[in-house]
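These notes concern the structure reproduced below.
Just so it is clear: chains get the letters A, B, ... in the order the sequence lines come, proteins before strands, and each one is counted from 1. Every heavy atom of this structure was used, including side-chain atoms; hydrogens, water molecules and symmetry mates were not.
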Amino acid sequence: MAAPPRKSNGGLVGRLVLMTAGSFAFGFALVPLYDVFCDVTGIGTRAQLSRAAAPDTSAPDMSRVVTVEFTASVPDSGPWEFAPAVASMEVHPGRLYEARYTAHNLAGRDTTGQAVPSITPLRAAQYFRKTECFCFTPQHFERDEQRDLLVRFIVDRDLPPGIDRLTLSYAFYDVTRLAGGKG
Amino acid sequence: MRPDEVTNMAHGNAAAGHGDHHRPPKGVMRWLTTTNHKDIGTMYLVFSLAMFLIGGVMALLIRAELFQPGLQLVDPGFYNQLTTVHALVMVFGAVMPATVGLANWMIPLQIGAADMALPRMNLFSFWLLFFAFVLLISTFFVPGGAPAAGWTLYPPLVLQTGNAFPMAIFAIHLMGASSIMGAINVIVTIVNMRAPGMTLLKMPLFSWSWLITAYLLIAVMPVFAGGVTMLLTDYYFHTSFFNAAGGGDPVLFQHVFWFFGHPEVYIMILPAFGIVSEIIPTFSRKPIFGYEAMVYAIASIAFLSFIVWAHHMFTVGMPLAGQLFFTLSTMLIAVPTGVKVFNWTTTMWRGSLSFEPPMLFALAFLFLFTIGGFSGLMLAIVPADFQYHDTYFVVAHFHYVLVPGAVFGIMAAVYYWLPKWTGHMYDMNIAKWHFWLTAIFVNVLFFPQHFLGLAGMQRRIPDYPTQFTDWNMVSSIGGFGFGLSQLLFVWLIIRCVKGGQRATAGVWDWPHGLEWTVPSPAPYHTFEKSPELH
């Protein structure tokens, strides 16, 4: 055969397989990168919402009133009752407030629940600070147990002027099967 | 040097004569054991045609259900299975394998190589694909039915899939592995096996488009494989990549998916760009205008495809800076795409045009793909997208770029190279009937969907308010017209394989490129001795 001397395919194939493996790894690297990106840019994420903050409460802005609305949902968790004690509050930025939710386990067994918070509008999320929240840890409920859940929060004084209304929403998930891992 | 200089650069002995000393085994064993690029290309093309018809039957069931409001034929759950599997079959089973089949057949012939670089892997990737689709389509028969969460497989909805869930995920893994192997094969073939003297910038544009497509495949298919693997571990091993209860985020899946998904749409369309860039010069009897600009345009489109993904998910919410970035980067793609459209048009300028079937399909591609491109620009505008999102406007948009875009490109390629494959000319009358019926019905089918979408009709719903009835009826009539017209295509291909007027080596009036220097049908072995280019 008079074919021209073929260049080695092995090396090139090796490099291409390496590229493939790199892309596969990159797919998984997107998971932490996604959180890092949200943290850096301050887009409303759970990472931020699920952390205790210690903001300055010394000088509340008494001239400004912001409405905070509370909602609750129970996706996929079966027969739970979970609702805010009040539908909304009027708050002054920079001052500490307290709100309560009530949860009632009607599942007929011991259950561990995890509340996941979110704030609308999204760009307000980074100005909503919690000093204490039942959403920081999984909550264990005995069968038929009912109890109040507490959240203490401050709306930051730097909240952009265009925003006069925030909605704090909690989705309450049954994490009994995940609880082992999550503690 | 320009590709037109390639026209006469190869000479007679390139292929004929001593090509036939390894006869393939007879019967079914030939197809199970072959490592010949032409056999494997044929298998890919036949497989893709079969998938096109199967996916088409699903589409017709969808259009039959939507012919009038109310639920007539299928229940909503099955309807959702149909839309989901129709999309997966058409994307991964019809369009992608068709372009892989064309690559297998034509890249060695275009660059003067004896075969693909990795022939055994080539065969393996075909059979992986085959079994991937056996697995996927068999999900219709398991408890819970086929996946029904849409081809985008968004969690948490997709996690409600029944027994089909792991089957669908593994089918995606298999088809991903198959296309990655195909891509590696194309790159190694093009990089290592070009005939002496064929520098990269003398390479025909179809081969160029595939080289870039192959790199896209290697870059993004593994990301998709990673994403569906995360779905799998969320489902079975209680990880929480996308599970909010455990600290994950379902929106993350959308980012991972579309990081794959947007380059994926270019994986489907770039080979069609390459095909049209071959056909328009041939039937304009002029070399392509701006060859190098065409190459750079494909490369720019490929690069930009990595930084636009979030335009598919404006409605999940993102900061203004993000909306602006993804709007503008998306619109930027119109620049290299415009370069291509203008260069095709300029190639025809003062050309000596003739309208054989490949040219007809290429011209229809040019017009109709551009319509799909423009509606894409509309969707890139955030405030407009908030209205159009998940409506039939989006359905109309991506069907315009995929059906009269990618599929017309593939049909043009079949009409262009079929005489080279079979050695026979096909029946021009049937081909023209097929073209005109297809080109008219595809517009009857998809154009009204723009109106439906703008009026607010949602996608993925088997029923709709009665004010949408008229355009849905028109669209369904177009759908059945389009579907039945494809039977002409199948009939024409079968007849052309069986016989017909002998095709010459050049086939067309102004052939250019190495593939037209080998006899028709192309012998089983070609370019065992490298052609000389001058």
Exercise. Name the region of Leu118(B), side chain, backbone, both or neither, that has any atom closer than 4.5 Å to a heavy atom of chain A.
Key: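 Only the side chain of Leu118(B) comes within 4.5 Å of chain A.
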Quiz prompt | Worked verdict on Val251(B) versus Tyr34(A) for side chain to side chain contact (heavy atoms under 4.5 Å, CB included) | solution = CA-CA 10 Å; Val251(B) 176; Tyr34(A) 176 73; 3.6 Å; yes
Heavy-atom pairs under 4.5 Å with chain A - which of [options] has more of them than the others?
{"options": "Pro222(B), Gly226(B), Gly227(B)", "result": "Pro222(B)"}
{"options": "Ile218(B), Val256(B), Thr239(B)", "result": "Ile218(B)"}
{"options": "Val223(B), Ile187(B), Ile180(B), Asn185(B)", "result": "Val223(B)"}

Self-check item: Pairwise side-chain contact, Val13(A) with Met121(B), heavy-atom cut-off 4.5 Å (strictly under)
Solution: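 Val13(A) vs Met121(B): side chains apart.
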Other residues, nucleotides, ligands: >12 heavy atoms within 6.0 Å of [X] [atom1]:
{"X": "Phe124(B)", "atom1": "CZ", "answer": "no"}
{"X": "Tyr236(B)", "atom1": "OH", "answer": "yes"}
{"X": "Arg95(A)", "atom1": "CZ", "answer": "no"}

Quiz item: Does Thr67(A) have any side chain to side chain donor-acceptor pair (under 3.5 Å) partners at least two apart in sequence or in another chain, and if so, which?
Solution: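 With neighbours one apart ignored, the set is empty.
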Self-check item: Listed partners of His92(A) passing side chain to side chain donor-acceptor pair (under 3.5 Å), at least two apart
Solution: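 Partners of His92(A) under the side chain to side chain donor-acceptor pair (under 3.5 Å) test: none.
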Practice problem: Give the ring-plane orientation class for Phe241(B) versus Phe28(A), where under 30° counts as parallel, over 60° as perpendicular and anything between as tilted. | Solution: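 Answer is perpendicular, since the angle exceeds 60°.
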Quiz item: Is any residue of residues 14-25 of chain A within less than 4.5 Å of chain B by heavy atoms, and which ones?
Solution: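 The list, in residue order, reads Leu16(A), Val17(A), Met19(A), Thr20(A), Ser23(A), Phe24(A).
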Quiz item: In Å, rounded to the nearest 0.5 Å, how long is the span from CD1 of Ile184(B) to CG of Asn9(A)?
Solution: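 One finds 12.0 Å between CD1 of Ile184(B) and CG of Asn9(A).
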Donor-acceptor pairs under 3.5 Å, side chain of residues 172-179 of chain B to any protein atom, not counting sequence neighbours: which ones?
unit_1: His173(B); atom_1: NE2; unit_2: Ala225(B); atom_2: O; d: 3.4
unit_1: His173(B); atom_1: NE2; unit_2: Thr229(B); atom_2: OG1; d: 2.9
unit_1: Ser178(B); atom_1: OG; unit_2: Ser125(B); atom_2: O; d: 2.8
unit_1: Ser179(B); atom_1: OG; unit_2: Met175(B); atom_2: O; d: 3.0
unit_1: Ser179(B); atom_1: OG; unit_2: Gly176(B); atom_2: O; d: 3.2

